Amino acid sequence: MQRSHLQLGIDSQIEFSIKPFIGATSVLAELRVEAECRDETLAPKLHLDYGAGFDEAVAVKMVPNGPKTWVAYIPTPQILRRARLDLIEISANVVLHAIVVQRAALTQAVGRLLTGKANYWNTAARSKVEHGLAHLAHALPRIAQGDEGLNHTLLAEAIAAGFNHVSTESPLQDNAYLAWIARHETLTPDDRTWMEARTAAFLFRPVLSVLMPVYEPPLDLLDEAIASLQRQTYPYWELCIADDASPSEAVRDLIRRRAAEDPRIKPVFRAENGHISRTTNSAAALATGAFLILMDNDDVIPDHALFTVAHAIDAHPGVRMLFSDEDKISINGFRCEPYLKGAFDRFLLYGHNMFSHLGIYQRKLFDEVGGFRPGYEGSQDYDLTLRCMERCTEAEIVHIPHVLYHWRQIPGSTSMGAGEKSYAFEAAKRAIDDHFVRMGYPLRSINADVPGVAAVRTLSQPRAATISIVIPTRDGLDLLKPCIASLLTHPDPLTDIVIVDNGSKRQETLTFLDGLSQDANRFTVVRDEGDFNFSRLVNIGVSKARGEIVCLLNNDTELLSANLYERARAWLSMPDVGIVGARLLYPDRTLQHFGVYVGIGEHRVADHAYLGSPDHLHAYFSKSRLLQQFSAVTAACLFVRRDDYLAVGGFDEELAVAFNDVDFCLKVRLSGLKIICDPDIKLIHKESKSRGQDKTPPKRARLDVEAAIVRERWEGTALDDPFYNPRFSRQNPRFEQTETSRQLLPWKNAYGKGL
């Protein structure tokens with residue numbers, strides 16, 4: 001296909017067929033799509049019709065295969081009736097370069113299955129087969145109709161769904177995680193006795209009302225969900241279950257039987273189908289408890305879940321919202337993919353629903369916001385969380401750092417992948433945009449570069465703040481010159497540059513700086529003759545800054561983002577944001593910095609998150625690519641209001657080289673302001689990747705001294721990072737689970753077991 005400039009509307013589709021000679025001479029065809037979109041992220045999806053029409057349940061998510069390129073495979077093309085390509089699900093300006101269908105050798109298919117780590121290929125292949133079989137099992141009622149042609153169609157669909165399934169979406173069994181579960185979460189009689197005694201000692205024993213909307217679920221999964229509630233060690237709960245006019249009488253019969261057996265189960269049967277928001281509101285109308293808990297009708301919770309919730313409520317008087325960690329139950333039946341979260345973070349919430357499971361809401365708060373809003377189906381809980389958090393202080397939103405929810409992976413569920421239900425993601429973005437409007441934030445929710453994950457576009461403001469960029473330097477013209485050139489490539493009329501020259505000696509450097517100083521409107525050059533002390537240099541630079549916002553910038557950086565000033569201004573227009581950090585890449589495009597976790601690493605002071613990972617990698621539930629809060633960011637690129645900088649005393653000159661930015665960030669956090677890292681403020685940082693391995697003895701000694709200063713100042717308070725789950729090792733920031741958790745389950749802490 002020739003290069004085409006297409007304006008695609010909502011749900012625009014490109015339908016195509018395969019040339020007969022390809023179908024007749026191949027059992028496997030490869031589809032390659034090359035396209036780009038300036039304003040939105042593409043997530044191409046392929047629909048295949050083998051005779052039963054297009055079905056969203058067996059649509060194929062195309063796999064990225066290089067810049068602006070995606071591939072998918074079409075098994076048995078000789079019986080394919082039609083194919084359809086959906087490049088994007090919203091109105092956007094898309095440039096379609098090519099759609100190419102060609103024969104694919106079976107050796108190529110085997111190669112796909114063999115791709116990956118050693119001893120991984122057989123599991124990857126098995127997961128593809130299992131995924132296809134899961135789709136086939138989903139269609140068994142239709143196969144039972146006995147139509148041979150229909151059977152062939154469904155089999156072809158299952159092969160296509162399984163073959164194109166991305167194996168990383170079907171998790172491998174993690175034996176270390178399963179061992180942790182067996183050691184720490186398997187309840188003993190002593191555990192249950194302790195919980196019973198502790199429950200009796202609670203000052204407040206709230207009734208917990210579990211809201212469960214039901215519509216035509218598999219009966220065995222619904223029964224397991226109810227049974228998991230009946231096994232709870234905390235007795236003060238009620239299940240408010242609302243059936244949304246399920247077609248099957250067997251669903252209502254099961255609910256009636258369970259309600260007759262247990263008076264804590266309170267059913268309501270809707271006369272007409274109203275979808276999940278109205279149905280959950282119907283369940284909430286039955287509730288008498290002080291707190292509402294959301295639970296899907298095909299998921300389960302561990303026996304200790306409600307006790308752990310009640311324990312957290314007792315420990316945090318005045319709490320209005322709580323959320324826990326979560327994991328999944330694979331299609332093979334084992335627990336997997338634990339999402340061990342940090343403290344509540346509204347900025348991370350703008351990327352994905354980090355609150356979600358297990359979500360607990362004060363019933364009074366739920367009533368204040370009017371419950372669920374119809375029209376946000378698929379992300380109705382996302383919308384509820386956003387509206388509720390607007391009425392809460394941060395102290396009233398509590399994270400419970402334990403896995404209290406098991407999300408079952410079944411075909412078509414978003415637990416199988418964030419892109420499984422695209423309508424849910426569109427509803428999520430609308431809910432986020434509604435929040436931005438209510439709060440008056442200059443932001444808009446847009447697609448990120450993976451399905452089901454959102455990014456944030458900033459909007460220009462009527463009155464843009466002035467910005468001063470402060471750059472310390474000493475000679476190194478080969479670094480400084482390209483840095484300045486990149487700044488001038490993206491000029492901003494309200495920005496000026498302050499260069500603090502720490503005793504440069506080379507004539508070419510002095511000549512270059514003298515030339516810049518002639519442009520007094522844009523450049524200020526300050527001379528300092530003292531020994532190198534980064535903290536002193538930036539303090540001098542800020543003292544000469546004219547801007548309302550100061551950007552601290554290393555001289556070995558180059559801009560990759562043209563809109564960094566607009567983004568920094570947007571974030572710092574929010575009164576509770578104090579510092580904005582950037583995404584810094586090494587010249588080879590691996591990650592040098594995207595936020596800092598404190599209290600971990602070699603010196604137990606701080607370490608960079610995701611260091612050395614590829615820029616495109618979506619690690620740990622995409623957190624490696626999402627806007628979020630951190631306890632600290634690097635001063636290699638850091639935006640802060642000048643008044644806030646001065647209010648906390650600037651950089652501590654006792655910390656001449658190391659950890660001065662961490663110390664500064666902790667002072668800003670202590671003042672009550674937030675620190676965020678924006679993945680769309682992106683720069684090259686030429687810092688040597690091997691610098692940490694070749695420190696001289698004097699440099700290492702200085703590093704040890706400065707680390708000791710920071711530890712003495714902050715240890716025991718700010719160095720316990722709220723955004724890094726206590727289950728993770730403090731040896732490094734790589735999200736590695738450890739047996740020596742800083743916060744075990746309550747009864748384990750009481751016994752001192754597992755330490």
Side-chain angles (χ1 to χ4, degrees), residues 204 206 208-211 284 289-295 305-306 308-326 339-373 379-405 428 431-432 434-436 438-439 441 454 574-578 621 623 626-631 669-670 672-676 717-718 720-727 742-743 746:
F204 175 42
L208 303 176
S209 299
V210 179
L211 309 185
F291 287 86
L292 307 179
I293 297 178
L294 307 184
M295 184 174 175
L306 298 188
T308 310
V309 170
H311 186 275
I313 293 170
D314 183 70
H316 298 88
V319 64
R320 306 194 78 190
M321 299 173 67
L322 305 95
F323 67 105
S324 76
D325 300 338
E326 60 190 272
Y339 185 3
L340 307 180
K341 307 169 188 176
F344 181 74
D345 179 1
R346 80 167 189 266
F347 298 94
L348 183 56
L349 195 67
Y350 299 158
H352 67 207
N353 190 355
M354 57 90 64
F355 192 90
S356 195
H357 302 125
L358 189 65
I360 304 108
Y361 305 81
Q362 182 192 53
R363 183 159 63 100
K364 181 180 177 182
L365 177 63
F366 180 89
D367 292 339
E368 285 176 7
V369 302
F372 289 98
R373 292 198 296 175
S379 287
Q380 69 287 338
D381 55 343
Y382 210 155
D383 175 61
L384 176 69
T385 298
L386 289 162
R387 288 183 289 122
C388 285
M389 79 172 187
E390 295 167 8
R391 294 173 178 248
C392 296
T393 66
E394 288 204 352
E396 294 171 331
I397 306 177
V398 169
H399 170 225
I400 305 173
H402 305 298
V403 174
L404 302 183
Y405 196 93
I432 296 169
D434 289 351
H435 163 73
F436 291 157
R438 289 192 299 268
M439 300 302 293
Y441 294 156
M574 301 178 186
D576 63 340
V577 175
F621 301 90
K623 286 180 69 172
L626 293 179
L627 171 77
Q628 65 201 273
Q629 287 189 67
F630 284 96
S631 290
R669 274 184 53 79
L670 186 63
L673 297 175
K674 295 176 173 56
I675 297 167
I676 65 172
T717 54
D720 188 8
D721 199 312
F723 303 111
Y724 200 62
N725 191 284
R727 280 267 297 278
R742 288 173 283 154
Q743 192 166 355

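Side-chain atoms are counted along with the backbone in the values below, which use heavy atoms only and exclude waters and symmetry mates. Remember, it's a predicted structure, so these values are computed and weren't measured experimentally.
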- Message: What verdict does the side chain to side chain contact (heavy atoms under 4.5 Å, CB included) test give for M439 and E390, after you've listed the backbone C-alpha separation in whole Å, the side-chain angles of each residue and the deciding distance to 0.1 Å?
- Response: CA-CA 8 Å; M439 300 302 293; E390 295 167 8; 3.9 Å; yes
- Message: With side chain to side chain contact (heavy atoms under 4.5 Å, CB included) as the criterion, how do L292 and I360 come out once you've worked through the C-alpha distance, each side chain's angles and the decisive distance to 0.1 Å?
- Response: CA-CA 6 Å; L292 307 179; I360 304 108; over 6 Å; no
- Going through the distances and angles, do M354 and F323 end up as a side chain to side chain contact (heavy atoms under 4.5 Å, CB included)? CA-CA 9 Å; M354 57 90 64; F323 67 105; 4.1 Å; yes
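For Y350 against I432, the heavy-atom pair with the smallest separation is O-CD1, 3.7 Å. The minimum heavy-atom distance linking S324 with Y405 is given by the pair OG-N, 4.5 Å. Between V309 and L208, the shortest heavy-atom distance links the atoms CG1-CD1, 4.1 Å. Between P206 and I313, the shortest heavy-atom contact is CG-CD1, 4.1 Å. Counting all heavy atoms, side chain and backbone alike, I675 lies closest to S631 at CD1-O, 3.4 Å. Pairing each heavy atom of F344 with each of F723, the nearest pair is O-CE2, 4.4 Å.
Residues M389 and I397 are in side-chain contact: their nearest non-hydrogen atoms beyond the backbone lie under 4.5 Å apart. In this structure, L211 and M295 have side chains that are not in contact, with every pair of non-hydrogen atoms separated by 4.5 Å or more. Side-chain contact check for F621 versus L626: every heavy-atom pair is 4.5 Å or farther apart. The shortest side-chain heavy-atom distance between V210 and F291 does not fall under the 4.5 Å cut-off.
In the model, H399 has a side-chain atom that pairs as donor or acceptor with a side-chain atom of D325 under 3.5 Å. Side-chain atoms of D345 and Q628 include no donor-acceptor pair closer than 3.5 Å.
Listed by chain and number, the residues in a salt bridge (charged side-chain N to carboxylate O under 4.0 Å, His left out) with R387 are D383 (sequence neighbours excluded). Partners of R346 by salt bridge (charged side-chain N to carboxylate O under 4.0 Å, His left out), not counting sequence neighbours, listed by chain and number: D576. Here K341 pairs with E326 under the salt bridge (charged side-chain N to carboxylate O under 4.0 Å, His left out) rule; sequence neighbours left out. Under the ring pair (Phe, Tyr, Trp, His ring centres under 6.0 Å) criterion, H352 pairs with Y339, not counting sequence neighbours. Residues satisfying the salt bridge (charged side-chain N to carboxylate O under 4.0 Å, His left out) test with D434, not counting sequence neighbours, are R373.
Here the straight-line distance linking atom CG of L340 with atom NE2 of H402 works out to 11.0 Å at 0.5 Å rounding. The structure places NE2 of H311 at 14.5 Å from CG of L306, a figure rounded to the nearest 0.5 Å. Once rounded to the nearest 0.5 Å, the distance linking CG of L322 with CD of E396 reads 11.0 Å. Rounding to the nearest 0.5 angstrom, the gap separating the CD atom in Q362 from the SG atom in C392 is 7.5 Å. Here CE of M574 is found 13.5 Å from CG of L673. Values are rounded to the nearest 0.5 Å. Atoms CD1 and CG, from I676 and L348 in turn, are 12.0 Å apart once rounded to the nearest 0.5 Å.
The list of salt bridge (Lys or Arg N to Asp or Glu O under 4.0 Å) pairs with a residue in residues 309-324, not counting sequence neighbours, reads R198-D314, R320-E368.
For H435 and Y441, the gap between ring centers is short of 6.0 Å. Residues F355 and Y361 bring their aromatic ring centres within 6.0 Å.
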